[in-house]
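Take a look at the structure below.
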Amino acid sequence: MGPTIRRLYASLLGVLVVVVTLAGLLIGPGAGVRLWSLLAIAVILVAVLTYALLVRLARRLRVLEDAAARLASGELSARAAVEYHDDLGGLARSLNEIADRAERDRNELERGRDESAAALDYLPQGVALIAPDLTIRHANARFWESVEVEAPDRGAHLSVARQPALQEAVEDARRAGRAVTREVSLYLSERLDVEATVAPVGDGATPEAWLLTIEDLGPERRAAEIRREFVANVSHELKTPLTSILGYTETLLQGGLHDEEHRGKFVETIRAQASRLEALVDDLLSLADLERPDAELELKDWDLGELLREMAEPFEDLAARRGLAFELDAAPGTRIRCDRKRLELAIRNLIDNAIKYTEKGWVRIHLVPGTSRARISVADSGRGIAPEHLARIFERFYRADQARSRAQGGTGLGLSIVKHAVQLHGGTVGVESEADRGSTFWLELPVSGPGS
Ligand code: ADP
């Protein structure tokens, strides 16, 4: 029984005592024992019944009070039991309705907040909502990744991002009272150039918060750099044979045509340079085809062993003419789903290189079947590749041995064609090589199952 009910009960008892005293005075001492007994019984009955009623009332009030206290402490799922359809029952129902509404509103708010947070996390930019006192109210995963700091559990001061340039940008925007955009360098494990934008949030004269957005300028700059480098390389590769063709044509026109001794050689050179141009254009077209973002493979089921046989066959003669032993170890039985034309491009390039860069010894093609992936290796006993070149050997126009590549009519694009064609098939490529001891280029491709 709570203090209020106790006080109520005490007051009732007091009233009862007053009533009994007044009754005693009215009845007077001459009243019979019976009357006094009846009065005593009535008093006891009233006291006991009132007590019982008040205990019940106290229990029901406690239920309401408990529910209200739990709701007040934020436990919005708390409800009061509705026992009777009286006024206390009505109070419990109203309390429950308020709780229902509050819970619904909170769930909606939470859903909205989760959706916004999920949307923010998908953004390629780092985004942080900063309070006027520079506390980070919310920041997406990309923001913390960009500053290489683990996201704190609760709102933290912007200084935890450990990037004074960002803090300065926010402070400047706050001072100016308007949006600010600038390029800043973040100092992390390596320097990262970003564009930071700080914009006010809210319509009032004093913004409620500031939205800080950081965007990595790296990928765009790197892409532009790669494009520039590629164009420069292509122009250079095209210019060399063109200059040679123009030079010899000029010589022929200026009397060379009558030089019986040399004119044949001149025309030969023009043809060789034109072939080089053709090879370069072919490789560029192949590469463009493989690098197309919407490149669609014409996939069919093939027996990899048989495919390798067919692909390697034209090289047997070439190897023999160069005095090289040519071995093929590719048993039939490994099924693969591939775009034959594009896979052939990759394998032919590897075999062609092996023959091209081997003066004496052998070239071996080996198929190792596997349950999920098959491995094809093209090994040679040739000049090999020095370790400093290995990491970049699959890059476009990268040549370990410039002079020999050019002398052999190489375009410097073969291995990047190999890499792209294999990657399009969900495979991987690699190389092991040692200078003057030979190289083993390998590729692994997913298989569709054993032969049937
Ligand atoms: P290229 O047209 O010059 O052969 P690739 O992209 O096919 O271009 O190869 C890149 C470079 O890798 C070559 O220039 C050569 O230096 C080196 N290379 C490729 N294959 C071999 C190999 N089997 N042995 C030695 N060097 C190789």
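Whatever order the structure lists ligands and atoms in, that order sets their numbers, starting from 1.
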Could you tell me, atom by atom, which parts of ligand 1 come under 4.0 Å of a heavy atom of [X]?
X: Gly384; value: 25 (C)
X: Ala400; value: 11 (C), 14 (O), 16 (O)
X: Leu413; value: 6 (O), 8 (O)
X: Ser405; value: 1 (P), 3 (O), 14 (O)
X: Ile393; value: 11 (C), 12 (O), 17 (C)

Under 6.0 Å from the CG atom of Asp294, do we count more than 12 heavy atoms belonging to anything else shown? yes

Any [X] heavy atom less than 4.0 Å to ligand 1:
X: Lys356; answer: yes
X: Gly412; answer: yes
X: Phe397; answer: no

Is a salt bridge present between [X] and [Y], judged by a nitrogen-to-oxygen distance below 4.0 Å?
X: Glu83; Y: Arg59; value: yes
X: Glu306; Y: Arg335; value: no
X: Arg142; Y: Glu145; value: yes

What residue and heavy atom of the protein are closest to [atom], and at what distance?
atom: atom 4 (O) of ligand 1; answer: Tyr357 OH, 2.8 Å
atom: atom 11 (C) of ligand 1; answer: Tyr398 O, 3.6 Å
atom: atom 19 (C) of ligand 1; answer: Asn353 ND2, 3.5 Å
atom: atom 23 (N) of ligand 1; answer: Asp380 OD2, 2.9 Å

Counting heavy atoms only, name the option from Leu390, Ile385, Asp283 that's nearest to atom 26 (N) of ligand 1. Ile385

If you measure only the distance, is there a donor-acceptor pair under 3.5 Å linking the side chains of [X] and [Y]?
X: Asn233; Y: His236; value: no
X: Glu250; Y: Gln254; value: yes
X: His425; Y: Arg342; value: no

Identify which one of Val429, Thr428, Val368 satisfies the side-chain contact (heavy atoms from CB on, under 4.5 Å) criterion when paired with Trp442. Thr428

Closest approach of Pro132 to Pro207 (non-hydrogen atoms, all atoms of both residues): CG-O, 4.0 Å

State whether the shortest distance between N or O atoms of Gly414 and N or O atoms of ligand 1 falls below 3.5 angstrom. yes

Does ligand 1 come near enough to Arg383 that some N or O of the ligand is less than 3.5 Å from an N or O of the residue? no

Give me the ring orientation class for Phe394 and Phe441: parallel if the planes are under 30° apart, tilted from 30 to 60°, perpendicular past 60°. perpendicular

Considering only heavy atoms, does Leu415 approach ligand 1 within less than 4.0 Å through its side chain, its backbone, both, or neither? both

